[in-house]
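Structure first, commentary second.
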Amino acid sequence: MIDKILTSTASEAVRFLFNVPIDPSLLAVQRTIPAFRNQGDFSMVVFPLLKISRKSPEETATMIGNEILANMPEAESFGVVKGYLNIRIKPEYWMQFLSENQNKLSYGITETASGNPVVVEYSSPNTNKPLHLGHVRNNLLGYSVSQLLKANGKNVVKVNLVNDRGIHICKSMLAWKLSGKDETPLSTGKKGDKLVGDYYVLFDKLYKAEIQDLMASGKTKDEAEAASVLMAQAREMLLKWEARDEDTLKLWNMMNGWVYDGFDVTYKRLGVNFDKIYYESQTYLLGKEIIEEGLKSGILFRKEDNSVWIDLTTEGLDEKLLLRSDGTSVYMTQDLGTAQLRANDFTPDSLVYVVGNEQNYHFEVLKHILFKLGRPWAEHIYHLSYGMVELPEGKMKSREGTVVDADDLMDEMISTARSMTKELGKIEDFDSEEAQKLYWIVGMGALKYFILKVDPKKNMLFNPSESIDFNGNTGPFIQYTYARIKSVLRKAEAELKVDTDFVVDGFHAKESDLIHSLYEFPAVVKQAAEALSPAVMANYLFELAKEYNTFYHELTILKEEDEAKKASRLAISSLAAIVIKNGMQMLGIEVPERM
RNA sequence: GGUCCGGUAGCUCAGUUGGAUAGAGCAGCAGCCUUCUAAGCUGCGGGUCAGGCGUUCGAGUCGCCUCCGGAUCACCA
């Protein structure tokens with residue numbers, strides 16, 4: 001990469017001029033800011049060198065500039081403003097870059113995967129309620145991060161750990177049984193996850209009524225909760241489940257089956273998928289051997305009441321419970337077990353957990369425990385901790401009915417895409433199937449981009465009364481730019497063949513900006529993956545699309561009479577389309593050929 | 001109370017390892033379709049980067065303190 005060459009040339013220059021070897025990071029090369037683009041493509045700050053040069057900033061910069069010009073064939077000229085050295089790269093360099101990559105469909109993507117896999121866990125739903133906007137953020141992040149890692153040549157295993165057991169499922173099961181209506185998805189025409197979710201809500205309603213009654217008869221809230229028959233029945237059901245009671249298992253299997261059918265539909269529409277699905281009903285007993293092992297080695301200890309703990313106070317944390325006094329496991333025990341299971345299944349390079357930031361502490365503890373128990377791979381556990389999706393009135397609460405349902409939201413996005421497309425009237429020749437596909441692409445593009453453009457670790461706001469935009473910094477804007485480019489390219493191909501070898505005197509400022517942005521794409525792919533942040537990619541793509549639209553507006557392409565210029569602009573367009581398509585694919589967003 | 005995360009334009013958000021004059025989008029106003037897709041482009045207004053102190057040639061970015069918001073600190077998951 002040219003910026004690397006520049007850095008090493010410059011540090012050589014400093015060594016030659018001032019006879020002092022320097023750390024190249026002192027001269028971090030950066031892209032010249034727009035105000036000074038007339039002077040160069042790259043800039044260096046010479047202030048840190050003044051102690052070495054013992055000259056004025058201008059003089060120091062000029063000396064280095066001359067030295068670079070003399071030793072770096074790609075450098076064309078330089079300019080100095082205060083302590084900034086701006087270097088222009090020869091257009092020949094950019095021309096070569098363009099002709100080499102203009103038709104490279106895999107530009108920015110490392111196609112051959114190598115190394116042990118990265119295991120990415122995401123989604124991880126409970127089977128007692130349908131997916132909502134919070135889950136949507138989780139799923140989109142997990143899928144996109146997986147795509148980004150793949151684009152960087154990693155083997156990726158996407159896993160989902162479904163929480164299919166526990167008291168919450170028993171509540172839905174119990175309410176269903178008590179209602180006596182024998183409803184099924186088939187009999188009601190309802191999506192299975194929705195139906196089960198309704199019964200979960202029904203349980204809560206019945207339970208609250210029971211508590212009310214008990215309190216009306218003079219009990220305190222605590223007493224009422226302790227005396228609740230419904231809760232006792234739910235617990236009994238859980239015990240029966242654990243005892244593998246046949247009827248209970250049958251009901252459980254049936255209702256979970258409904259939920260999975262429902263989830264499958266939602267996952268498919270969201271465009272996410274998994275390489276392996278773990279079920280807690282099969283993993284919840286794991287971890288106990290690890291505990292035994294830790295007890296033996298003395299890293300864990302047992303209290304008088306028989307409960308097992310780890311002391312993490314030297315790590316600045318607390319003591320943490322790992323086994324209850326009755327010998328049963330807690331969440332942490334299971335997670336230790338499933339982490340080990342994954343380590344055994346895949347011998348991964350690293351483990352990524354896409355889990356909300358309310359579990360920051362949990363994962364910090366998890367890492368520490370595994371590390372103390374002699375699992376060196378624990379060092380490569382990354383908790384991709386994302387913020388809440390909040391509504392204007394605050395947090396979403398399932399029980400208060402303030403959740404934004406994933407299916408409803410997708411329906412709404414697609415229907416908005418439909419009405420906007422119809423209003424614009426550009427696809428009248430599409431058949432119904434093509435049109436439906438486009439509505440889905442655009443609607444989902446708007447939704448996905450809206451969520452992914454925000455830095456994962458930040459909380460974000462969703463206002464249901466203001467529908468998600470389709471103009472400005474949005475998915476459809478980027479999709480539109482792609483469709484626009486493709487339209488030009490189609491026309492160019494329909495004309496005569498355009499020469500892909502071209503020589504131009506130089507580039508227009510708008511062309512240079514675009515070329516430079518396109519040149520940066522592979523670095524952005526890397527950076528986004530390292531940061532586990534689709535937002536890095538999203539924001540880059542928006543800037544790129546904006547630059548293309550400015551270029552498109554200010555310069556003609558097909559009507560350009562100078563054939564070389566025309567060819568260069570087509571090359572820029574072609575590569576821009578490739579970058580947008582590849583970048584969007586890393587976000588899990590499709591792009592339409594027309595819209 | 002301890003720990004962690006956040007606070008940037010009216011609103012939603014960017015801002016690479018500290019670098020030049022802090023940027024977008026939306027909303028508002030004014031323009032641009034006989035020309036490669038107007039889901040677009042151009043222009044205008046809009047800021048005590050929560051506040052203070054410090055480190056530095058240079059701080060939205062790093063450190064300390066204060067204020068505000070959120071999360072977490074369960075024999076819940």
Side-chain angles (χ1 to χ4, degrees), chain A residues 25 28 30-36 43-45 47-48 50-51 57 81-84 86 126 163 166-168 280 303 305-309 316-318 320-332 334-335 356-362 364-365 385 387-388 390 394-395 417 420-421 423-424 426-427 442 446 450 453-455 457-463 466 469-481 483-492 523-524 527 531 535-536 538-540 542-543 545-546 549-550 552-560 569-570 573 594-595:
Chain A
S25 66
Q30 55 194 290
R31 188 170 172 181
T32 303
I33 63 166
F36 298 98
S43 301
M44 279 185 272
V45 190
F47 288 115
L50 301 184
K51 278 181 201 143
V81 180
K82 290 188 280 180
Y84 291 84
N86 303 311
N126 292 339
N163 184 2
I167 192 75
H168 50 282
E280 282 202 3
K303 289 193 177 176
D305 66 356
N306 219 30
S307 56
V308 177
W309 299 73
L317 305 169
D318 301 322
K320 187 82 189 170
L321 176 95
L322 296 176
L323 279 184
R324 296 190 184 99
S325 48
D326 63 4
T328 57
S329 39
V330 290
Y331 181 46
M332 184 62 77
Q334 288 181 53
D335 254 12
N357 62 11
E358 70 271 15
Q359 293 195 32
N360 285 355
Y361 183 73
H362 173 80
E364 206 183 333
V365 172
S385 158
M388 314 260 114
E390 287 170 325
K395 231 180 129 171
M420 283 190 85
T421 306
E423 207 174 305
L424 290 166
K426 293 183 192 173
I427 59 154
V442 174
F450 175 80
K453 76 172 177 188
V454 181
D455 181 349
K457 70 169 179 282
K458 288 189 177 172
N459 286 357
M460 60 177 292
L461 185 91
F462 174 77
N463 189 344
E466 300 167 12
D469 245 305
F470 283 63
N471 298 318
N473 185 357
T474 66
F477 171 83
I478 297 167
Q479 291 170 321
Y480 170 76
T481 307
R484 199 179 214 187
I485 298 171
K486 292 304 276 196
S487 170
V488 173
L489 295 177
R490 274 191 302 271
K491 285 184 177 157
V524 174
Q527 193 199 333
V536 169
N539 287 303
Y540 164 83
F542 173 62
E543 290 300 324
K546 235 181 358 179
N549 280 318
T550 313
Y552 178 92
H553 189 259
E554 286 200 18
L555 303 169
T556 54
I557 303 169
L558 296 173
K559 296 205 165 76
E560 174 57 50
R569 286 175 192 165
L570 282 169
S573 299
R594 286 181 56 193
M595 70 184 270

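Reminder, nothing fancy here: chain letters follow the sequence lines and each chain counts from 1.
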Distance between P atoms of G60(B) and G18(B) (Å, rounded): 13 Å
Which part of the nucleic acid, if any, lies within contact of Ile557(A), taking any heavy atom under 4.0 Å across all strands shown: a base, the sugar-phosphate backbone alone, or nothing? base
Give every pair of a protein N or O atom and an N or O atom of nucleotides 28-35 of chain B that lie under 3.5 Å apart, one pair per line with the distance.
unit_1: U35(B); atom_1: O2'; unit_2: Lys559(A); atom_2: NZ; d: 2.8

Begin with the C-alpha distance, continue with both residues' side-chain angles, and end with the deciding distance and a verdict on side chain to side chain contact (heavy atoms under 4.5 Å, CB included) for His168(A) and Asn163(A). CA-CA 10 Å; His168(A) 50 282; Asn163(A) 184 2; 3.5 Å; yes
Run the side chain to side chain contact (heavy atoms under 4.5 Å, CB included) check on Val45(A) and Tyr84(A) step by step: do they pass? CA-CA 5 Å; Val45(A) 190; Tyr84(A) 291 84; 3.6 Å; yes
Looking only at non-hydrogen atoms, find the nearest pair between Phe470(A) and Ala446(A) and report the distance. CZ-CB, 4.0 Å
Has the side chain of Ser307(A) got a donor or acceptor atom that lies under 3.5 Å from a matching backbone atom of Lys303(A)? no
In the strands shown, is C49(B) matched to any nucleotide by a Watson-Crick or G-U wobble pair with both distances under 3.5 Å, and which? none
Atom CG of Asp455(A) and atom C1' of C13(B): how far apart are they, to the nearest Å? 10 Å
Tyr540(A) OH to G15(B) P, in whole Å, measures 16 Å
Any strand counts, and the cut-off is 3.5 Å on both contacts for Watson-Crick or G-U wobble. Which nucleotide pairs with G40(B)? C32(B)
For C32(B) and U17(B), measure between their C1' atoms and round to the nearest Å. 43 Å
With C1' as the reference atom in both, quote the distance from G43(B) to A24(B) in angstrom, rounded to an integer. 16 Å
With rounding to whole Å, what would you report as the distance between A14(B) and C62(B) at their P atoms? 15 Å
When the P atoms of A30(B) and G23(B) are considered, how many whole Å apart are they? 26 Å
Give one of base, sugar-phosphate or nothing for Tyr361(A), where a contact means two heavy atoms less than 4.0 Å apart. sugar-phosphate
Under 4.0 Å between any heavy atoms, over every strand shown, what does Thr550(A) touch: base, sugar-phosphate, or nothing? Just pick one. sugar-phosphate
Under a 3.5 Å cut-off for both contacts, is G10(B) paired Watson-Crick or G-U wobble with anything, and if yes, with which nucleotide? C26(B)
With heavy atoms under 4.0 Å as the rule, sort Leu555(A) into base, sugar-phosphate or nothing. base
Between C36(B), G70(B), A77(B), which nucleotide has the shortest distance from any of its atoms to the side chain of Ser487(A)? C36(B)
Write down the distance separating the C1' atoms in C36(B) and G31(B), rounded off to the nearest Å. 22 Å
Under a 3.5 Å cut-off for both contacts, is G1(B) paired Watson-Crick or G-U wobble with anything, and if yes, with which nucleotide? C73(B)
Please confirm whether the shortest side-chain N or O distance from Lys320(A) to OP1 or OP2 of A74(B) is below 4.0 Å. no
May I ask you to decide if Met388(A)'s main-chain N or O and Asn459(A)'s side chain share a donor-acceptor pair within less than 3.5 Å? yes
Applying a 4.0 Å non-hydrogen cut-off, can you work out what Asp326(A) is touching in the nucleic acid: base, sugar-phosphate, or nothing? nothing
Identify the heavy atoms of Asn539(A) and Asn473(A) that sit nearest to each other, and give their distance. OD1-ND2, 4.4 Å
Nearest heavy-atom approach of Ser43(A) to Asn86(A) is OG-OD1, 2.6 Å
Mind telling me whether C33(B) is syn or anti, cutoff 90° either side of 0? syn
Which atom names give the shortest non-hydrogen contact between Phe450(A) and Leu461(A), and what distance separates them? CZ-O, 3.7 Å
State which of A38(B), A14(B), C26(B) makes the closest approach to the side chain of Asn539(A). A14(B)
Out of C13(B), U37(B), A77(B), which has the shortest distance to the side chain of Met460(A)? C13(B)
Per-nucleotide protein contact along nucleotides 16-24 of chain B, 5' to 3', at a 4.0 Å heavy-atom cut-off (B base, S sugar-phosphate only, - neither), is BB-BBB--S
Side-chain N or O of Arg490(A) closer than 4.0 Å to phosphate OP1/OP2 of C36(B): no
Tell me: CD of Glu364(A) to C1' of G2(B), nearest whole Å? 13 Å
Side-chain (Ser487(A)) to main-chain (Ala483(A)) donor-acceptor, under 3.5 angstrom: no
Of the nucleotides A71(B), A77(B), G40(B), which one has an atom closest to the side chain of Arg484(A)? G40(B)
Could you check how far CE of Met388(A) sits from P of C4(B), rounded to whole Å? 19 Å
Using the side chain to side chain contact (heavy atoms under 4.5 Å, CB included) rule, take Leu555(A) and Glu560(A) through it: C-alpha gap first, then chi angles, then the decisive distance, then the call. CA-CA 8 Å; Leu555(A) 303 169; Glu560(A) 174 57 50; over 6 Å; no
Let me spell it out: for each of Phe477(A) and Lys395(A), pick the nucleotide of RNA chain B with the closest heavy atom. Which residue's pick is nearer the 5' end? Phe477(A)
Rounding to an integer number of angstrom, what distance separates U37(B) and G47(B) when you compare their C1' atoms? 37 Å
Can you find a heavy atom in the side chain of Val365(A) that is under 4.5 Å from one in the side chain of Asp318(A)? no
Val536(A) near the nucleic acid: base, sugar-phosphate alone, or nothing, with a heavy-atom cut-off under 4.0 Å? nothing
To the nearest Å, give me how far apart CD (Glu390(A)) and P (G70(B)) are. 8 Å
Can you see whether Asn360(A) engages Ser385(A) through a side-chain donor-acceptor pair at a distance of less than 3.5 angstrom? yes
Is Ser385(A) near enough to C4(B) that one of its side-chain N or O atoms lies under 4.0 angstrom from OP1 or OP2? no
Hey, does the side chain of Arg569(A) reach the backbone of Thr556(A) with a donor-acceptor pair shorter than 3.5 angstrom? yes
Just the rounded figure in Å: distance from C1' of A77(B) to NE2 of His362(A). 9 Å
Between Lys453(A) and Thr421(A), whichever has its closest RNA chain B nucleotide further toward 5' is Lys453(A)
Grab the two heavy atoms, one from Phe477(A) and one from Gly472(A), that are nearest each other, plus how far apart they are. CB-O, 3.0 Å
Once you round it to whole Å, what is the distance between C1' of A77(B) and NE2 of His168(A)? 8 Å
Which nucleotide sits closest to the side chain of Asn163(A): U37(B), A77(B), U72(B)? A77(B)
Partner lookup for C62(B), please. Criteria are Watson-Crick or G-U wobble with both distances under 3.5 angstrom; report none if nothing qualifies. G54(B)
Protein-nucleotides 5-7 of chain B N/O pairs closer than 3.5 Å?
unit_1: G7(B); atom_1: OP1; unit_2: Lys458(A); atom_2: NZ; d: 3.3

Provide, to the nearest angstrom, the distance between the OH atom belonging to Tyr480(A) and the C1' atom belonging to C36(B). 11 Å
What orientation do His362(A) and Tyr331(A) show, parallel under 30°, tilted 30 to 60°, or perpendicular over 60°? parallel
At less than 4.0 Å, is any side-chain N or O atom of Asn471(A) found next to OP1 or OP2 of G40(B)? Yes or no. yes
Contact class for Gln359(A) vs. all strands (heavy atom < 4.0 Å): base, sugar-phosphate, or nothing? base
